[in-house]
Amino acid sequence: MAESVFQETKWIMNRYHIKANKSLGQNFLIDDNVIKEIVENSHIQKSDFIIEIGPGLGTLTKELLERAGKVICIELDEKMIAILKDRFKLYDNFEVIHQDILKVDLQTVIKQQKEAGQFTQVKIVANLPYYITTPIVMKLLEDKLELETITVMVQKEVAERLTAVPGERNTGAITYSVFYYAEATKIMEVEKQAFIPEPEVTSQVIQLKVRETPKVQIEDEKKMFYVIKNAFTQRRKTLLNALTNTHVFESKEQGLKILKEVGLKENIRPEELSLEQFAEITEKL
Ligand code: SAM
């Protein structure tokens, strides 16, 4: 670990009397190498508009500001807002929104920036607050924002789910959602020692490349995700039982008929299905 980011972070925390707020998921990055990897893998150019979620003390922000045309940070903690405004007052490409990321109308934020600047690509970069990783990732994807990439630090367990391929290991309902909207890759594993305070879990940086068109064509995507969600709430059960118990299938007979039509065996389990097969089942309901 390089001394510099660690010392800088300590200095800022002392100067502003900051104690990390656990309930806000505050684990500040202090590893130069991790910061470098996140920034390099985001391939930031002057024509990019970057949205950073949860900038905290501004460690990543500083690197983003040096490279991007514009950086808008969204931070919930008032104390961080004061630090960020102070720290980056000389940057004319910096802006901060004091709000809960889940409540921000990102569509409007992006539209305004695109109209005002010459930005061609919009990217998300963040060391996410872990207590709301899933809702944030789902918001970024479901809001159908004009995004190029989403490069985020998440806890390793969640990273496994988000980057899994449907039909293979480590899948959950969220795997199918992410796969529908994006192509996910792992960038690096990050040990607890890369943060202060140390989180309880190992982390991973992942990148989602947002697809231009979703992976499958489906009339009612909400209905498909409803089917997938119900299939996975009863994970140990067969797909037939899970979807019958949750009343997605009107009856076992209807379920059996649909499985046959789609060419699936009676005792298939939800995690064995491809996204296309879930789409086919949904179309037949
Ligand atoms: N980016 C900094 C870093 O890497 O050192 C801090 C990352 S820390 C893991 C997560 C940050 O998200 C904290 O600064 C926290 O205050 C902020 N945060 C927590 N909940 C938030 C929310 N709902 N909306 C926006 N920011 C939030």
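Each residue takes its place number in the sequence, starting with 1. Every number for a ligand or one of its atoms is a count from 1 in the order of the listing.
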Test of understanding: with side-chain hydrogen bond (donor to acceptor under 3.5 Å, both in side chains), list the residues that count as partners of Glu142, not counting sequence neighbours.
none
Side chain to side chain donor-acceptor pair (under 3.5 Å) contacts in which one or both residues fall within residues 276-285, not counting sequence neighbours:
Ser274-Gln277
Check each N or O atom of ligand 1 against all protein N or O atoms and list the pairs under 3.5 Å, with atom names and distances to 0.1 Å, one per line.
residue, atom, partner, partner atom, Å
ligand 1, 1 (N), Gly54, O, 2.8
ligand 1, 1 (N), Pro55, O, 3.2
ligand 1, 4 (O), Asn127, ND2, 2.8
ligand 1, 5 (O), Leu29, N, 2.9
ligand 1, 14 (O), Gly56, N, 3.4
ligand 1, 14 (O), Glu75, OE1, 2.8
ligand 1, 16 (O), Gln26, NE2, 2.9
ligand 1, 16 (O), Glu75, OE2, 2.5
ligand 1, 20 (N), Tyr131, OH, 2.8
ligand 1, 23 (N), Asp100, OD1, 2.9
ligand 1, 24 (N), Ile101, N, 3.0
ligand 1, 26 (N), Leu76, N, 3.4

Could you pull out the closest heavy-atom pair between Asn267 and Thr238, with the gap in Å?
O-CG2, 3.8 Å
So which pairs with a foot in residues 211-236 pass ring pair (Phe, Tyr, Trp, His ring centres under 6.0 Å), sequence neighbours left out?
Tyr176-Phe232, Tyr180-Phe225
Salt bridge (charged side-chain N to carboxylate O under 4.0 Å, His left out) with Asp48: of Lys70, Lys123, Arg67, Lys114, only one passes, and it is Lys123
Leu64: which of Ile44, Ile51, Ile35, Ile38 passes side chain to side chain contact (heavy atoms under 4.5 Å, CB included):
Ile44
